[in-house]
There are 2 protein chains.
Amino acid sequence: MSAGRTARERARAEVTREIKDEARRQLATDGAGLSLRAVARSLGMVSSALYRYFPSRDDLLTALIIDAYDALGDAVEKADPGGAPIERWRAVCAAARGWALAHRHEYALIYGSPIPGYQAPQDTVGPAARVPLVLIDIAHAADVPDSPLPDVLREQVVGVLATLPIAPPPGAGARVLIAWTQVFGMISFELFGQLVGSADPADAFFGYAVDRMAAIIGLPGAEWPTP
Amino acid sequence: MSAGRTARERARAEVTREIKDEARRQLATDGAGLSLRAVARSLGMVSSALYRYFPSRDDLLTALIIDAYDALGDAVEKADPGGAPIERWRAVCAAARGWALAHRHEYALIYGSPIPGYQAPQDTVGPAARVPLVLIDIAHAADVPDSPLPDVLREQVVGVLATLPIAPPPGAGARVLIAWTQVFGMISFELFGQLVGSADPADAFFGYAVDRMAAIIGLPGAEWPTP
DNA sequence: TCGCTGTCAAGAGCACTGCTCTCGAATTTG
DNA sequence: CAAATTCGAGAGCAGTGCTCTTGACAGCGA
C-alpha cells in the first residue's frame, strides 16, 4: 500500500507481509496448527526475531483473521453483479462458498470454533460485517416487505439496522439473518465434514438452499415450489 | 455398565472413565486446549501412565467426541415429547441448543473446526447421526409432502434415505437437511460469537427461526406469516 | 564527518507439550 | 507356585510460545 518514507519502514512492512504470507501458507498446508518457530524457520530467521513484528502468537492470529475477513469481504463484494436482486443473491452466496472452499483454513479461522486461549479483539468487527452488509443491501434494493416479529427480536433487529446507512424493514432484517446463518451454516457443515455421506459434494444442495433462502427473504423471482 | 469380571478390568474401566471426566472438566474450564500431562497431573498420575489407557492424544479426543455426540443424542431424544410434530420439532431444537449452551466446548469439539492434525474415525458417524435421525422421524411422522428437487440433490437424498428404516419423500428429506443446517448454523454462530452485536442473546431469534424452519419442512400448525 | 539513539537479528534459556523407552512391581493366568 | 501379562514411574527427546541479553546496523542531529 503506502510506501513508507524511510528504508526502515519499508523493510518493516515488507517483512511483516512476508510473515503473514508464510503463516497463511503453513495454515493451508500443515493443517491449522500455526507455529511461530516454524514460520520463522521457513523465513530463515530465528523465532525471537519474529516478536519484533508481532508481540505474540495471538497478534499474528488476529492479523490473519482480519485479513481473512477482508479477503472474504473483497471476494463477495467483487462478485456482486448489481442488477436483479435474485441474481445478486445467488452470485454473492456462491462467492462466499467459493472463497471458503478455496481458503478452508482461513475460513475455519474466522467461522470455526474460537482458538483455545484466544479472544477476538474489537478490530475484527468491522471487516466481519462486510458480508452481512452486502446481504442486507440486496434485501434493501429489492424493496422487500416487512413481516411480523416477536418483540424482543424486533428490538434487536431495529437496534442493528439503526447503525446502518440503509434501513430495510425489521422483518426483512430478521429474514436476512436467517438466510445468513443458513448460508454459513451450510458452508461450515460442508467444510467441517458434517455432510459426508449425505449431501457431499454440496453444490446441488447449496444452490437449492440458496434459492429457498431467496424465497424466504422475499426476493422477486424466487418462488417457493409447490408444497 | 458391565462390571468387568476381574479386579483389573474393573479398575481399568474406572480409570478410563476418570480420565475422560477430568479431560472434560479441563475442556470446560481451561478453554479448549486439552493437555494430556495436565490431565494426568490432576489425577495424581504421571503422564506416561495415561498412555496405557489412550494410545495417543487423538484417541482421547476421539473418545470425548463420541461421548459428546452420544450426550447430545441422549439430550435430544429425551426431550422429544412425541405427539404433535410441531411441538416435537420445537422441543428437539430447544434441547439441541440447550445442550450446546451447557457444554459449549464439547459442542465445539463436534461441530467446530476440525482439530489441527486430527482425522475423525468412522466410529463417530453412528452417534453423529442420532440428531438428524430424530429430525427426519418428525418429518416422517407428520407425513409431510414431497417437493421438486434438482436431480443431483434428489439422488443424494434418496441415497441417504435408503439406508434408513423410515422413508419420507425426498423433497421432505432435503427440506429437513435445510432445517438441520439452519439450526446448527445458528447454534454455532451464537456459541462462536458471530452474533454479538446483533441477535445476542439469541433466544428470540432462535425460536423465530425454528418456527420458520417448521414451516419450510411443512409441519402442520406452522404457517409462514404474511409475505 | 562523528557520535548518539533507536531498531533489529541472534542466541540462550524457561516452562510447557506429546510421545517413547526402560525398569521394577503388582496381578492375572497356566 | 511359576510364568506371563499389565501397570505406574521416571528419564529423555523433540517440539512449542515466550523472555532476556548481547552485539550489529541504520538514521538522525551536531
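Residue numbers start from 1 in every chain, and the chains themselves are labelled A, B, ... in the order their sequence lines are given, proteins ahead of strands. Remember, predicted model here, so these are calculated numbers, not experimental data.
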Could you name each residue pair satisfying salt bridge (Lys or Arg N to Asp or Glu O under 4.0 Å) that touches residues 99-112 of chain A, not counting sequence neighbours?
-> none

Tyr53(B) side chain N/O closer than 4.0 Å to the phosphate oxygens (OP1, OP2) of dT6(D)?
-> no

Which pairs pass side chain to side chain donor-acceptor pair (under 3.5 Å) with one or both residues in residues 68-79 of chain A, sequence neighbours excluded?
-> Tyr69(A)-Gln194(B), Asp70(A)-Arg130(A), Asp74(A)-Arg130(A), Glu77(A)-Arg130(A)

Angle class for the Trp99(B)/His103(B) ring planes (parallel below 30°, perpendicular above 60°, tilted otherwise)?
-> parallel

May I ask you to say what Phe54(B) touches in the nucleic acid, namely base, sugar-phosphate or nothing, with a heavy-atom cut-off under 4.0 Å?
-> nothing

CE of Met45(B) versus C1' of dG18(C): gap in Å, rounded?
-> 17 Å

Nearest-Å distance for atom pair CG/C1', residues Leu50(B) and dG8(D) = 11 Å

Are any of Ser35(A)'s side-chain N or O atoms less than 4.0 Å away from OP1 or OP2 of dG17(D)?
-> yes

CA sep, side-chain torsions, deciding dist, call: Arg25(B), Asp21(B), salt bridge (Lys or Arg N to Asp or Glu O under 4.0 Å) | CA-CA 6 Å; Arg25(B) 204 171 308 131; Asp21(B) 285 350; 5.3 Å; no

Under-3.5 Å donor-acceptor pair between Arg37(A) side chain and dG17(D) base = yes

Let me know the distance between CZ of Arg57(B) and P of dT20(C), rounded to the nearest Å.
-> 14 Å

Find the distance Asp58(B):CG to dT17(C):P and express it as a whole number of Å.
-> 17 Å

With sugar-phosphate meaning primed atoms plus P, OP1 and OP2, does Ser56(B) contact a base, only sugar-phosphate, or nothing at under 4.0 Å between heavy atoms?
-> sugar-phosphate

With the side chain of Tyr51(B) defined as its heavy atoms from C-beta on, choose the nearest nucleotide among dC7(D), dT20(C), dA9(C).
-> dT20(C)

Return no unless some side-chain N or O of Arg12(A) is found under 4.0 Å from OP1 or OP2 of dA26(D).
-> no

Length of the line joining Glu14(B):CD and dC7(D):P, which is rounded to integer Å | 14 Å

In sequence, state the C-alpha distance, the side-chain angles, and the governing distance for Gln156(B) and Ser198(A), and then conclude on side-chain hydrogen bond (donor to acceptor under 3.5 Å, both in side chains).
-> CA-CA 6 Å; Gln156(B) 290 176 322; Ser198(A) 54; over 6 Å; no

Listed nucleotide nearest any side-chain atom of Ala38(B), set dT17(C), dG17(D), dA10(C) | dT17(C)

Whole Å only: how far is the CD atom of Glu9(B) from the P atom of dT6(D)?
-> 11 Å

Considering non-hydrogen atoms only, spot the tightest contact between Ser47(B) and Ala40(B) and give its length.
-> CA-CB, 3.7 Å

Please state how far atom CG in Asp59(A) lies from atom P in dG17(D), giving the value in whole angstrom units.
-> 14 Å

Heavy-atom nearest nucleotide on DNA chain D taken for Val15(B) and for Arg41(A); more 5' hit belongs to Val15(B)

side-chain hydrogen bond (donor to acceptor under 3.5 Å, both in side chains) evaluation trace for Tyr107(A) with Ser188(A) | CA-CA 9 Å; Tyr107(A) 178 88; Ser188(A) 295; 2.9 Å; yes

Heavy-atom closest pair (Phe205(A) atom, Ala174(B) atom, distance to 0.1 Å) is CE1-O, 4.2 Å

Atom CD of Gln26(A) and atom P of dG15(D) are separated, to the nearest Å, by 14 Å

Output one line per pair: protein atom, nucleotide atom from nucleotides 21-27 of chain C, and distance, for all N/O pairs under 3.5 Å.
| from | atom 1 | to | atom 2 | distance (Å) |
| --- | --- | --- | --- | --- |
| dT27(C) | O4' | Arg8(B) | NH2 | 3.4 |

Taking dG8(D), dC19(C), dC18(D) as options, the one with an atom nearest any side-chain atom of Leu36(B) is dC19(C)

